[in-house]
Trainee: 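What follows is a structure written as structure tokens; I'll ask about it next.
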Amino acid sequence: MKKYVISGGKPLNGEVSLSGGKNAVVGIIPAAVLVKGVCVIENVPAINDVADLVDIMKKMGADVRYLDEKTLRIDSTNVVSYVADYDAVRKLRASYYLIGALLGRFGHARVGLPGGCDFVERPIDYHIKGFEALGAIVDIKHGIVVADAEKLTGTSMNLDFPSVGATVNIMLAAVLAEGLTVIENAGKEPHIVDIANFLNAMGAQIKGAGTDVIKIKGVAELHGGHYEIIPDQIEAGTFMAAAAAAGGRVILRNVIPKHLESISAKIEESGAKVEEFDDYLIVSRDADSPIKNLNIKTLPYPGFPTDMQSQMAALLSRAGGTSIITETIFSHRFKYVDELRRMGAKMTVDGNICVIEGVDKLTGASVRACDLRTGVTLVIAALIAEGITEISDVRYIERGYENIVDKLRSLGADIKVVNDDTPAVTETKIS
Ligand code: EPZ
């Protein structure tokens with residue numbers, strides 16, 4: 001097990017190229033199960049979720065190999081099993097996409113319930129409702145989703161909530177179904193569009209991805225092809241929040257500014273400057289200038305993304321005045337507050353609202369990541385804290401952030417990776 005040791009108080013300066021989208025690639029890899037042919041997928045981030053999905057795909061009989069460090073070649077022609085490895089599936093949330101993909105390909109799926117970030121209870125009832133609307137019989141037995149369908153037939157459905165996962169999973173089950181499927185109140189996130197674009201590149205007929213009505217015309221089969229993953233919207237937002245918090249001037253390459261509009265607006269409202277160009281942007285803040293307080297309400301895309309609210313809390317912990325974060329996507333997503341309090345943050349949580357009283361300084365402490373975004377939030381807090389912070393359970397961070405230590409170090413951060421059993425260096429003695 002590893003931990004990060006960060007000595008805070010240094011501005012970030014320089015440039016970093018961001019990676020392919022985690023929430024796009026974790027949908028595209030399972031989607032390749034639907035393709036009887038070779039899919040070549042470029043700009044694949046080297047993150048643990050990808051490694052876990054590759055492992056699951058190989059166990060089902062897919063031929064998966066890297067053509068270079070960022071290009072995956074997947075041939076699912078010889079996949080005959082519709083059973084996914086139970087323990088491997090529990091390692092991440094997005095393994096649930098295998099249900100839709102296997103159901104779409106074989107008319108059967110046996111996939112354990114997903115694992116992944118457990119900051120709150122995360123049901124998959126919308127997914128199951130969608131599969132049943134297409135004609136599948138779905139049950140959960142011994143922790144395994146058992147889905148079977150004589151035939152999948154296109155139909156119209158209206159999601160109770162614009163769920164990212166349910167939108168993608170229903171799309172996966174519908175691409176080879178007979179007839180037209182219409183998903184109303186669909187999610188519009190960039191990664192949903194990316195997964196739809198991948199499927200269309202392989203011969204699917206999906207229209208309307210990125211709007212709240214997606215139409216999928218079933219086709220007989222999908223063929224192989226090439227596809228390049230979009231840049232990671234949340235990785236970009238995370239580095240924007242880090243730059244705004246630490247001060248300095250950071251150039252972020254391999255971004256799509258359009259996907260970052262709600263994040264850029266809040267970063268600028270906090271007192272930093274955001275300059276946008278076609279595929280890169282610059283975030284800067286004079287380290288002596290104040291961080292301004294602001295309010296955030298998370299919403300489905302194009303609103304402010306829930307996956308960015310904790311990173312903003314780290315930034316706002318040092319803002320002058322009071323900031324309020326309202327989480328509307330999940331019933332609760334403030335597990336990081338206890339850890340930030342160890343560093344001197346003044347935050348109170350009441351249900352889905354977090355009130356932040358800005359403080360003059362944070363101090364380094366030994367803290368623990370409890371999920372992906374909490375982990376990276378602690379990194380941002382450590383970058384701006386006085387003294388040394390140790391973050392353990394960094395495996396959560398490495399599920400979704402490629403080479404985050406190297407990237408931050410290249411911007412001037414004092415961060416190193418040590419074994420978890422290395423003696424603590426934070427000031428545990430109170431003078
Ligand atoms: C996806 O999760 C992302 N994960 C999450 O990112 C992200 O926070 C979330 O979308 C919202 O944008 C991946 O893409 C792998 P939802 P997902 O279905 O699909 C409820 C990260 O940090 N719901 O849009 O699980 C659900 O509980 C991760 O990268 C049901 O009630 O999110 C939540 O309150 C964390 N029943 C709301 O809907 C269902 O069947 C939105 O969830 C499905 C969801």
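Read the numbers this way: they start at 1 and go in the same order the structure lists the ligands and their atoms. Keep in mind it's a predicted model, so treat the numbers as computed, not measured.
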Trainee: Could Glu235 and Lys407 be called an ion pair, given the rule that one side-chain N must be under 4.0 Å from one carboxylate O?
Mentor: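 Salt bridge present between Glu235 and Lys407.
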
Trainee: Find all atoms of ligand 1 within a distance of less than 4.0 Å from any non-hydrogen atom belonging to Ile329, and give their numbers and elements.
Mentor: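 Counting from 1, the qualifying ligand atoms are 33 (C), 34 (O), 37 (C), 41 (C).
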
Trainee: With backbone taken as N, CA, C and O and side chain as the heavy atoms from C-beta onward, which portion of Asp125 lies under 4.0 Å from ligand 1: side chain, backbone, both, or neither?
Mentor: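 Answer for Asp125: both.
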
Trainee: Among Arg373, Arg399, His191, which one puts a heavy atom closest to atom 29 (O) of ligand 1?
Mentor: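 Closest candidate by heavy-atom distance is Arg373.
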
Trainee: For the pair Arg373 and Asp371, find out whether any cationic side-chain nitrogen is under 4.0 Å from an anionic carboxylate oxygen.
Mentor: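 No, this pair does not count.
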
Trainee: Enumerate the ring pair (Phe, Tyr, Trp, His ring centres under 6.0 Å) contacts for residues 143-190, please, sequence neighbours excluded, ordered by first and then second residue.
Mentor: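 Not a single pair qualifies under ring pair (Phe, Tyr, Trp, His ring centres under 6.0 Å).
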
Trainee: Tyr126 versus ligand 1: do any nitrogen or oxygen atoms come within less than 3.5 Å of each other?
Mentor: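 Between Tyr126 and ligand 1 (N or O atoms, distance only) the closest approach is under 3.5 Å.
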
Trainee: Has Ile137 got more than 12 heavy atoms of other residues, nucleotides or ligands less than 6.0 Å from its CD1?
Mentor: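 Not buried by this count: 12 neighbours or fewer within 6.0 Å.
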
Trainee: Considering the heavy atoms of Gly165, write down every atom of ligand 1 situated less than 4.0 Å from one of them.
Mentor: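 Listed by number with element, the hits are 18 (O), 19 (O).
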
Trainee: Looking at Arg285 and Glu268, is there a salt bridge between them, counting it only when a charged N and a carboxylate O are closer than 4.0 Å?
Mentor: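 Salt bridge: no.
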
Trainee: Do any N/O atoms on Tyr96 end up under 3.5 angstrom from N/O atoms on ligand 1?
Mentor: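 Indeed, backbone or side chain, Tyr96 has an N or O that close.
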
Trainee: Describe, in one word, how the ring planes of Tyr82 and Phe106 are oriented to each other, choosing from parallel (under 30°), tilted (30 to 60°) and perpendicular (over 60°).
Mentor: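 Aromatic pair Tyr82/Phe106 classed tilted.
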
Trainee: Which ligand 1 atoms does Arg93 reach within 4.0 Å, using its non-hydrogen atoms?
Mentor: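 Every atom of ligand 1 under 4.0 Å from some heavy atom of Arg93: 25 (O).
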
Trainee: Answer yes when Glu339 and Arg342 have at least one side-chain N-carboxylate O distance shorter than 4.0 Å, and no when they do not.
Mentor: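 Looking at Glu339 and Arg342, the cut-off is met.
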
Trainee: Are any of the side-chain nitrogens in Arg90 or Asp87 under 4.0 Å away from the carboxylate oxygens of its partner?
Mentor: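 No, this pair does not count.
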
Trainee: Answer yes or no for Gly187: is there a heavy-atom contact with ligand 1 below 4.0 Å?
Mentor: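 In this structure, Gly187 fails to qualify as a contact of ligand 1 - no heavy atom is under 4.0 Å.
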
Trainee: Which is closest to atom 1 (C) of ligand 1 in terms of heavy atoms, Val168, Val164, Asp49, Ile128?
Mentor: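 Ranked by closest heavy atom to atom 1 (C) of ligand 1, first place is Val164.
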
Trainee: Can you tell which of Val26, Ile192, Leu372, Asp307 gets a heavy atom nearest to atom 7 (C) of ligand 1?
Mentor: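 Among Val26, Ile192, Leu372, Asp307, the closest heavy atom to atom 7 (C) of ligand 1 belongs to Asp307.
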
Trainee: Tell me, yes or no, whether the heavy-atom count around Glu178 atom CD, taken from other residues, nucleotides or ligands under 6.0 Å, exceeds 12.
Mentor: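 Counting other residues, nucleotides and ligands, CD of Glu178 stays at 12 neighbours or fewer.
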
Trainee: Side chain, backbone, both or neither: which part of Arg333 comes within less than 4.0 Å of ligand 1 when only heavy atoms are counted?
Mentor: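 Under 4.0 Å from ligand 1, Arg333 contributes side-chain atoms alone.
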
Trainee: Among Tyr301, Tyr396, Phe161, which one has a heavy atom closest to atom 41 (C) of ligand 1?
Mentor: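 Of the listed residues, Phe161 has the closest heavy atom.
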
Trainee: Hey, which atoms in ligand 1 end up nearer than 4.0 Å to a heavy atom of Lys22?
Mentor: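 With Lys22 as reference, the close atoms of ligand 1 come out as 21 (C), 29 (O).
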
